[in-house]
Amino acid sequence: MTEQRTRGIAPRSIGTSLDRVDGPEKVTGLAAYAVEHGADEGVSAPLSVWLVTSTIAKGRVSRVDPSRALAHPGVTAVLDHTNAPRLEQTDNGELAILQDDRVGFRGQVVALVLAETSEAAREGAALVEVSYEPEPHEAELREDNATYKPDKVNPAMETDTDEGDVDAALASAPVLVEQTYRTPYEHNNPLEPHATVAWWAEHEGREVLSMFDSTQGVHGVVQALAPMLGLEPDQVRVRAPYVGGGFGSKGEAHAHVMATVLAAQTTGGRPVRLAVTRQQMFSLTGYRTATISHMRLGAGADGRLTAIEHAVQEQTSVVREFAEQTASPTRMLYAAPHRRTSHRLARLDVAVPSWMRAPGEMPGMFAHEVAMDELAVACGLDPIVLRERNEPDLDPETGKPFNDRRLVECLRRGAERFGWADRPPEPRARLDGDWWIGTGVASATYPAMKQPGNTARVTSLEGGRYEVAIGSVDIGTGARTVLTQIAADALDVAPTDVELAIADSLLPSASVAGGSSGTSSWGSAIVAAAQLFRADHGAVPAPGLHTTASAADDPASEAYAFHSFGAVFAEARVNRWTGEVRVPRLHGVYSVGRVINPRTARSQLVGGLVMGLSAALFEESHRDPRFGHVVTQDLATYHVASHADVLDVDAEWLEESDEAFTPMGSRGIGEIGIVGTAAAVANATFHATGTRVRSLPLTADHFLE
Ligand code: MOS
C-alpha cells in the first residue's frame, strides 16, 4: 500500500450544490435496499428468518420446543442454542447468539425460525415454545445502582480526568451552580429498519459468504463476523448499495446480522433474509443510554469559571460493555484552571447500548449548556457574554492550540441573525395570548475525526473518465455525491467523468460512516489516490491504469486540537394552561471547515437540529423495570418529531477552509447539528416560563404549577 502525502485541492465542484448522483435511482424506486435484491444479484428463492426473543430479562433457557413450529406449513428449520452452528469466538456477547442457554436481557435472540415466506417464519416463531429458568434482574438506572469505572469510554478516551484542585476551587467560588441533569433512553429510528441477506456463493473460484446488509460500514461487518465464524476476511463479502439511515445504530453489526449468517450456514447455499421489525429495533439494534450528570460549576462574580466538574452515571449491559463518553465535551469547551470529569457505569440486565448520533456529546452538552445558562442567571450575565468570557486560549483538554476555534463568531453571528439584542433579560417577561415566549442559546462542539485504514483506487477508463473506488457507504447523507465531487476536483475533471464505486467490501478498505468522520477519512484517501495517479500517469493516461493509495498522516496536524463549533438559538412558546411546548424558531450557525455540497450539508445540519428538537421535546423510551423491556416500542408511543413539530429550522455556516485537517478543507457535519440543540430549547423554555427543567424531554407536566 502506498501512503501519499496530500496537497490541498482547488475547489471547482466542491462548494457547489451538485444534485445527488443517486437521486434518480432513489426517486424512481430503482435503488435496492438490503432486502430488495433479487435473483439477478444472486438472491434467488431466499428463505426468511424470524427471530424468537426472550421474554425474561435474566436467567436460562431451559427448553426450546420447536415441534409446533416445525409442523407449520412452510417452516423449514428452527435453530436454538442446542443446534445452531458453533462460533469460533464468543467474546462479543452481543453477537455470540445461540451459543449457550444464558439470557442477558429481555428481547435477546433465543431461537430462529426459517421458512419459505416471511409470513410462515413469523407464524412459526409464534409457535416456538421456550421455557425459562428466570433469575432476579436489575433493569433500572438509578443513582444508587452499584457502579464501576470502565477502562475507557467510547471510542478510546480516558474514563476520568482531574486537573488542579477542583474541590477547593468550588468551595471558595463566589458563584456555584450545582445541579443534576438527566437524559432518557433514546432509540435510533432510521427510516429503513435493519435488514440482512446472506448466502454462500462461488466468487472467483472460491466459496464466499455473500451478504447485503443495511450497515454504515461494509468492512466493519466483515471484521466483526469473519473471526467469529472462523473465516478469513476475504471469505466474507458485504454490500450495502443503499441504506435508509442509521444514526449510529448500523455502525456496528448487531445480533440480527449474526442470526442471518448462522441461518445461512445451515441451508446448503440457499439465501436467507431477515428484516428486523420496528418493535425489535427497541431491543436489538442499540440505543442511547440514559444519563445522570452531576455538574458543579464554580465562577467569580464576573462569570469567569474557576472550576468545572462533570460526573456521569450511565449504564451498560451484561452481555457487552458500551461506555458512553458523556463528559467528553466538558473537557474542552470552556476555560477553567480546575476541572474534573468522570464516568461510572451500572451493569444492568438490559439490551446493549450503542451509538446514537453524537453519543456522549449530545446528552453531555445538554447538561453542561443548561448549567451554563444557570450560571449566566446566577451572575446576571447575558448567556452569550458568559460564554465569551470563558473562551480558552488553548484547548483545555490537550493544551494544544485549536486549529480553528470560531465559537464566538458563531454565537455573535447567530445572535444578529436571530434578533438576540431584543431579548428581555428577565425570564417570564413575554406572554402572547396563552403562550409564554422565551429564547435560549447553547454552544455546540464536536471533534473533527479522521479514521485510519482508508484506501482508494483510481482507474483510468475510456474517454477521459475515471473509476474511483472505496468501500465506504452512503447511508443517505449524500456521501456518494460529495465523494464524486472530491474525486472530480482531485483529478481536475468534471463530476460526470467520475464513476464512483462504493458500498462493497471487495473494494479498498474504508472506515465506518460514523463519528462525523466519513467524508474526511474517505475523501482524504481519494485525494491521495488521485494525486498519486496524476503523479504516476500524468494528465492524459491510457485507459486501464490503476493507482491505489491511502493518505499519509500529516505530522504537522499533530500540533492542533481539531474540533468543529456552532451556536444554536431557539425560541420556545409554552402554553400557560397546558404546558405544551412549541419551538417556532431554531437556528444554528456552524464552523465546520469548507462545506463540500451546500445542499447536502444543509440537510445534515438541519437534520441534526430536528433530531435535537425531537430529543428536547419528545424522544424517551420507557423501560419497565419489573420486566426489563422497553414498552414504548413503536413509533406511536415513541414519538419522533414530525412535520407538524418542525417549524422554522435553519442552519448556516461560516465561510472557511481547514486544510490542516483535510486536503478538501472540510471537517465533519453529521453530528454537530444535534449537540447543544436540546439545551438551547430547554434554556428557551426557562426564559419563557421561569421554570428550570433539568431533564429531557421537556414534557408538558414540567411546566404546570
Ligand atoms: Mo454516528 S452515532 O457516529 O453513526
Side-chain angles (χ1 to χ4, degrees), residues 1-15 155-157 219 328 332 393-395 397-406 445-458 468-472 479 482-483 485-492 508-536 547-565 590-596 601 653-672:
M1 181 50 44
T2 311
E3 288 214 338
Q4 171 76 2
R5 279 290 291 276
T6 55
R7 304 180 306 278
I9 50 175
R12 292 192 175 82
S13 181
I14 288 175
M157 295 183 195
H219 288 277
S328 66
M332 49 63 64
D393 294 328
L394 299 172
D395 173 19
E397 184 175 11
T398 60
K400 295 178 182 180
F402 285 103
N403 57 322
D404 197 11
R405 181 178 165 117
R406 300 176 76 189
T445 188
Y446 196 81
M449 291 190 276
K450 267 182 303 196
Q451 310 293 342
N454 282 278
T455 303
R457 184 182 66 220
V458 172
V468 176
I470 184 165
S472 59
V482 300
L483 294 183
Q485 294 179 270
I486 292 167
D489 285 0
L491 288 164
D492 196 16
S509 73
S511 52
V512 67
S516 301
S517 66
T519 302
S520 303
S521 307
W522 314 323
S524 297
I526 286 173
V527 172
Q531 291 179 343
L532 186 60
F533 183 95
R534 284 286 184 244
D536 287 353
T547 296
T548 303
S550 52
D553 286 335
D554 178 356
S557 71
E558 284 299 301
Y560 297 104
F562 291 100
H563 294 264
S564 286
F565 291 91
Y590 296 99
S591 161
V592 289
R594 191 195 296 284
V595 162
I596 301 206
W653 48 83
L654 307 180
E655 288 304 320
E656 60 191 35
S657 178
D658 189 352
E659 280 164 42
F661 187 60
T662 61
M664 301 80 73
S666 62
R667 295 192 295 266
I669 52 171
E671 282 155 304
I672 193 163

Partner residues of [X] under the salt bridge (Lys or Arg N to Asp or Glu O under 4.0 Å) criterion, sequence neighbours left out:
X      : result
Arg7   : none
Asp536 : none
Arg594 : Glu659

Inset, instruction - Quick one: list whatever passes ring-ring contact (aromatic ring centres under 6.0 Å, His included) with Phe533, sequence neighbours left out. - result: Tyr466, His537
Legend entry - Non-neighbouring partners of His563 that pass ring-ring contact (aromatic ring centres under 6.0 Å, His included), sequence neighbours left out: Phe402
I need the minimum non-hydrogen distance between [X] and [Y], along with the two atoms involved.
X      : Y      : result
Gly665 : Ser657 : CA-OG, 3.5 Å
Pro401 : Ala559 : CD-O, 3.4 Å
Ser666 : Ile596 : OG-CD1, 3.7 Å
Ala529 : Ala549 : CA-CB, 3.8 Å
Gly515 : Met449 : O-CE, 3.4 Å

Give, for atom [atom1] of [X] and atom [atom2] of [Y], the distance between the pair rounded to the nearest 0.5 Å.
X      : Y      : atom1 : atom2 : value
Arg405 : Thr445 : CZ    : OG1   : 7.0 Å
Ser564 : Tyr446 : OG    : OH    : 10.5 Å
Tyr560 : Leu394 : OH    : CG    : 12.0 Å
Asp489 : Ile526 : CG    : CD1   : 11.5 Å
Ile669 : Ser516 : CD1   : OG    : 8.5 Å

Non-neighbouring partners of [X] that pass side-chain hydrogen bond (donor to acceptor under 3.5 Å, both in side chains), sequence neighbours left out:
X      : answer
Thr398 : Asp395
Gln4   : none
Arg5   : none
Glu397 : none

Inset, instruction - Take Ile672 and Val592 through the test side chain to side chain contact (heavy atoms under 4.5 Å, CB included) and record every step on the way to the result. - result: CA-CA 9 Å; Ile672 193 163; Val592 289; 4.0 Å; yes
Inset, instruction - Test side chain to side chain contact (heavy atoms under 4.5 Å, CB included) on Phe661 and Ser520 and set out the steps. - result: CA-CA 8 Å; Phe661 187 60; Ser520 303; 3.5 Å; yes
Not counting sequence neighbours, which residues clear side-chain contact (heavy atoms from CB on, under 4.5 Å) with [X]? List them please.
X      : value
Ser524 : Lys450, Ala551, Thr662, Pro663, Met664
Asp404 : Arg406, Glu656, Arg667
Ser511 : Gln451, Asn454, Ser521, Trp522

Can you check whether [X] reaches [Y] side chain to side chain, under 4.5 Å on heavy atoms?
X      : Y      : answer
Leu483 : Ser472 : yes
Tyr590 : Leu654 : no
Ile470 : Thr455 : no
Arg457 : Val468 : no
Ile486 : Ile14  : yes

Inset, instruction - Test Asp658 against Phe562 for side chain to side chain contact (heavy atoms under 4.5 Å, CB included), laying out the working first. - result: CA-CA 10 Å; Asp658 189 352; Phe562 291 100; 4.1 Å; yes
Legend entry - Pairing of Arg12 and Asp492 as salt bridge, 4.0 angstrom limit: yes
Inset, instruction - Mind running side chain to side chain contact (heavy atoms under 4.5 Å, CB included) on Val512 and His219 for me, showing each step along the way? - result: CA-CA 8 Å; Val512 67; His219 288 277; over 6 Å; no
